[in-house]
Amino acid sequence: MLTVSNLTCARGGVPVLSGVSFEVASGDALILRGPNGIGKTTLLRTLAGLQPALVGTVDYPEDAGAYASHADGIKAALTVTENLQFWADVYEGSGSGRTLRETALEAFDLLDLHNRMGGTLSAGQKRRLGLARLAVTARKVLFLDEPTVSLDRPSVKLFADWLHDHLSNGGIAVIATHIDLGLDAPELDLTPFKAALDQGGSDEAFL
Amino acid sequence: MLTVSNLTCARGGVPVLSGVSFEVASGDALILRGPNGIGKTTLLRTLAGLQPALVGTVDYPEDAGAYASHADGIKAALTVTENLQFWADVYEGSGSGRTLRETALEAFDLLDLHNRMGGTLSAGQKRRLGLARLAVTARKVLFLDEPTVSLDRPSVKLFADWLHDHLSNGGIAVIATHIDLGLDAPELDLTPFKAALDQGGSDEAFL
Amino acid sequence: MSLWEYANPKRFMGWTRPVLPWTFALAGLCLAVGLIWGFFFTPDDFRQGSTVKIIYLHVPAALMAINAWIMMLVASLIWVVRRHHVSALAARAAAPVGVVMTLIALFTGGIWGQPMWGTYWAWDPRLTSFLILFLFYLGYIALWEAIEDPDTAADLTSVLCMVGSIFAILSRYAVLFWNQGLHQGASLSLDAEENVADVFWFPLLVCIAGFVLLFIALVLMRTRTEIRVRRMRALEARMRRA
Amino acid sequence: MPDLGTYAVEVLSAYAVSIALLAAIVGLSWRRYVRVRAALERVEKND
Amino acid sequence: MIALLLRDLRLAVRAGGGFGLGLAFFLIVVVLVPFGVGPETELLSRIAPGILWVASLLAALLSLDRIFALDYEDGSLALLATSPLPLEGVALMKALAHWITTGLPLTIAAPALGFLLSLAPEAYVFLLLSLLIGTPALSMIGTFGAALTVGLRRGGLLLSLLVLPLYVPTLIFGAEAVRRGADALDPTGALLLLGGITAGTFALLPFATAAVLRINLR
Amino acid sequence: MIALLLRDLRLAVRAGGGFGLGLAFFLIVVVLVPFGVGPETELLSRIAPGILWVASLLAALLSLDRIFALDYEDGSLALLATSPLPLEGVALMKALAHWITTGLPLTIAAPALGFLLSLAPEAYVFLLLSLLIGTPALSMIGTFGAALTVGLRRGGLLLSLLVLPLYVPTLIFGAEAVRRGADALDPTGALLLLGGITAGTFALLPFATAAVLRINLR
Ligand code: HEM
Ligand SMILES: Nc1ncnc2c1ncn2[C@@H]1O[C@H](COP(=O)(O)OP(=O)(O)OP(=O)(O)O)[C@@H](O)[C@H]1O
Ligand SMILES: Nc1ncnc2c1ncn2[C@@H]1O[C@H](COP(=O)(O)OP(=O)(O)OP(=O)(O)O)[C@@H](O)[C@H]1O
Ligand SMILES: [Mg+2]
Ligand SMILES: [Mg+2]
């Protein structure tokens, strides 16, 4: 269960969105829509806890969130397997790392590439690896920023299937995207929440 | 007029595509399709002259090509205007830089952002700036690698309109993409050209 | 109304407007009186000859160089704890003034060193710690300049100022350990035994007062400028979004 | 002018350098003060 | 946290950076000094302790900006910040990885280079000891500086400017210990103070570093 | 090409880097040496010419990796390579921008720092002259090194390793010129050789740099 109430978030000291409220129940996804620059990335970063909310609250079980940004955090000098193993270790400490990794590789069709260096992947292959990272974290609440950029159609399908599984196991996903993912999930258009002027940015004291 | 005949191109010393031949007449566009990792980026880089072809020839009027890659080359510490002006200067030496820049800003709806630092743009705004750079180069033959990644629908429309203008002025464009651009242009699926093994990579001499 | 209210940018602009000219006038007066008194109407020292006159610049500047850093430290702490924008901006405004004070202390000290120790520069602990202080100032200012977002810059420079202060004190001990030095110890103590003679002492006090006032006036003025810059940014941002 | 003896150059240059530095910081601060005030007024007028 | 340390070490080795090069830089600085200063042995042996310490400091400095910059640019740092690892632990591990790839090989190689500068024979033990105790402080302070400048694209030189004054106490006590060793005086005081600095930095700076990282990721 | 130069200079100033910081690093190295070596004036004045030259060299070195790395990472370099500018011109402009932001301010500031190291008064002219003639060579050689290592993500230390041996002749003649000036000998020979190196590098290295860039972009 993810509850966001009356959230105002800012980028670079300027409030971007305000009064955002929504709830996502376990097993559901929410798709964020809105034109370029409206603040989807900013909202996801705030949800993930990377930046503080100016106003309002974000509530979900502690240590359940995972964030995937425009940038994938793939190390060029590590192989696909090593890249995944690292994140598995970070999120788990120990234990079922190996099997998790294998299933993730399989889910995103990376088995053939498992020994390739991260730097020699094509744009779409990199993206798939970035998504496999998510699978490996085993977190319930996902914040995904344009997850299917550069993916070809079969890969988008792979992702949709994986996400479907994740949701049916009680997961939650908030996804910002411009293209159609083939998911049937409610959409939230952020345009109406565009922050009005002087709404509590760091410059407010000077106005 | 762009003529490609019997091209083989390689990435990281391994041949990726072979026997690619096509022609694009002035005023036409060609859309490259193919699954992730097939070699669209590699092909475009070869066409743009960034890497040599293993076999075959690429032919178009000298000094007429411009290339746009996954990375936009936007400087975080320069404003939008300065970023564009720089490329205008590089491509022109002098002259009509100012007006070109203005029309490019307008074509990609960047007038409002013209004084923003490159680093503070959102993903889609950055992409628009990257496309405006193309407009400013005033080159005829464009090699575009997934130009509409991260763009919202109105922006994709902006781009399609601009491209349409460009083509009707006798331009040429070769575009790699996974999503629909709303252009009616012939498509070339690269899957059949996938290079077989041992097809003249740098390792060949040792086989 | 609590004291903190005065740190609200608008109120700050309000109460500093009338105060500023008076502070400047008083600073100018003290400096003029102190320096003219010191330069024209004090006798030469029996050992140092006319070079004692340098003391009227050297000592106040040296004191203010250290005090400016302390003021920045306090302002940084206030920013970190209470997040008053004026406090962060005042720290930013004080830094260049502190640099100038440090430079004056270094230059006058160096010039003084030539007749006294026979060299413009020696790696004496006191002088060396000032050189290090100068470097801390430079780093602090450079960090402010390098960051686009003002709140981020305030946060980061505050942390730097706090960590830097610890290391500045450490350096002072390290430098003492490293070299025993030529510079005289503190003789401005209240202990009359080692105090300088009254003829030098009174004009020196006036000069110190002048430097303190000048520092305050400059910091107020520069803080006002910084506030206006922020306000301008805010208004421009609002216009862009309108 | 008091008699500065052998150290005239040192004392005078110390005063010159210090006063120049003080004048510089005051002057620069003042110039920026005036400019920013004018710029802000312009922005506020457009507002 | 161990995973992070191992990853960083692996990356250092993989990318051809890491161990070899920090060392190589140290070597080359030490080699350049005689070219600049002239070849007289007696002069070189007098400046040897200082030059060796200054060179290790510069070698450490040169690789500082990598500590966070790469992770920041490819997004790993934001992902780490949202991961279960505490950022303080990340900071500590980063400092440790930097020390293992720079400070440790430097320490081991320093005696051989002391030779090039005709360091007094009595001083070798103290050279080794002082570097062993002092270089971890250099890495930790450097990590703090790297965190401060991580958002700024060309923070490299700013980083040096910020970090070098912070390095002064470590340098003074380190070089002093070796100098005293060379002059057959008692260097324990300097070594103890050096140890104190190292302990202090490791106790405090991970927290400052994590705070700064959080601000920069905002 | 002027546009490129201007852009690079603007970026250097904008990003808070540029002019001030190369200088600051130079200052700090010069300041650190006495902490390492000890405070005796006579000793410092003997090593001053060498240390000043080594410090300028290191200051130049430290900012080398930025020459191409940023442009490479954000794709500008590939775009420049497909633009009408000849890559040789790009290389030359990059070297020039590096010199203006590093070598030139260094040269101007060096006399003030000679002071801290108690450099002999006669040597100042030659310090200035030798740096003015020698630092452009440092920038050009460094640009070549930067081009060699541009593809490698952590090329920074590798770069130093490659470039430092190339710097040795410049360093030797430069420091020698100052030392001879300080000892009241005739330094014209050294200065002439220094000029020869600079002229040679500028005649040849732009071509080598462009070739290397082409290979690295492939
Ligand atoms: C660059 C060089 C110098 C620096 C940074 C420097 C720094 C300082 C500082 C910080 C003070 C204030 C000390 C206090 O009140 O506790 C001071 C005071 C003083 N300095 Fe210097 N000094 C320098 C050179 C010299 C030289 C060359 C002389 C002349 C021999 C000198 C003579 C004095 C005297 C007489 C005082 C005031 C008496 C006192 O408080 O001890 N200084 N200096
Ligand atoms: N670092 C920054 N500093 C200041 N402003 C920024 C910064 N990053 C983004 N912005 C601005 O904040 C607003 C929101 O940006 P954000 O990246 O959240 O948009 P978005 O909805 O993700 O857009 P896109 O679809 O293009 O990715 C935009 O107007 C953008 O220009
Ligand atoms: N630097 C590299 N070194 C070695 N191999 C590489 C390198 N970059 C890409 N490859 C490989 O070359 C092949 C072609 O890559 P390319 O980037 O051209 O694919 P693409 O068609 O653009 O894919 P995408 O749609 O994912 O961008 C892929 O199999 C990829 O793994
Ligand atoms: Mg976004
Ligand atoms: Mg591609």
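Just so it is clear: chains get the letters A, B, ... in the order the sequence lines come, proteins before strands, and each one is counted from 1.
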Engineer: Step by step, would you call L151(A) with H178(B) a side-chain contact (heavy atoms from CB on, under 4.5 Å)?
Structural biologist: CA-CA 7 Å; L151(A) 288 186; H178(B) 295 293; over 6 Å; no
Engineer: Is it true that atom NE2 of H164(B) has more than 12 heavy atoms of other residues, nucleotides or ligands lying nearer than 6.0 Å?
Structural biologist: no
Engineer: Given a strict heavy-atom distance threshold of 4.5 Å, which part of S155(B) is in contact with chain A: side chain, backbone, both, or neither?
Structural biologist: side chain
Engineer: If you count heavy atoms of other groups shown closer than 6.0 angstrom to CG of N169(B), is the number above 12?
Structural biologist: yes
Engineer: For chain A, which candidate among D145(B), V149(B), L121(B) shows the most heavy-atom pairs at distances under 4.5 Å?
Structural biologist: V149(B)
Engineer: Check each atom of P35(B) against the heavy atoms of chain A and say whether the ones under 4.5 Å are side chain, backbone, both or neither.
Structural biologist: both
Engineer: Which heavy atom of E146(B) sits nearest to which heavy atom of S150(A), and what is that distance?
Structural biologist: OE1-CA, 3.3 Å
Engineer: Side chain, backbone, both or neither: which part of L113(B) has a heavy atom under 4.5 Å from chain A?
Structural biologist: neither
Engineer: Around atom CD of E187(A), are there more than 12 heavy atoms from other residues, nucleotides or ligands closer than 6.0 Å?
Structural biologist: yes
Engineer: Distance from N36(A) atom CG to R153(B) atom CZ, nearest 0.5 Å?
Structural biologist: 11.5 Å
Engineer: Quick one: pull up CD1 in I179(A) and CG in D180(B) and give me the separation to the nearest 0.5 Å.
Structural biologist: 11.5 Å
Engineer: Would you indicate whether the side-chain heavy atoms of T41(A) and S122(B) approach each other to under 4.5 Å?
Structural biologist: no
Engineer: Using every non-hydrogen atom in the two residues, find where G37(A) and Q125(B) come nearest and quote the distance to one decimal.
Structural biologist: CA-NE2, 3.6 Å
Engineer: Check each atom of R33(A) against the heavy atoms of chain B and say whether the ones under 4.5 Å are side chain, backbone, both or neither.
Structural biologist: side chain
Engineer: With a 4.5 angstrom heavy-atom cut-off, which part of R11(B) approaches chain A: side chain, backbone, both or neither?
Structural biologist: neither
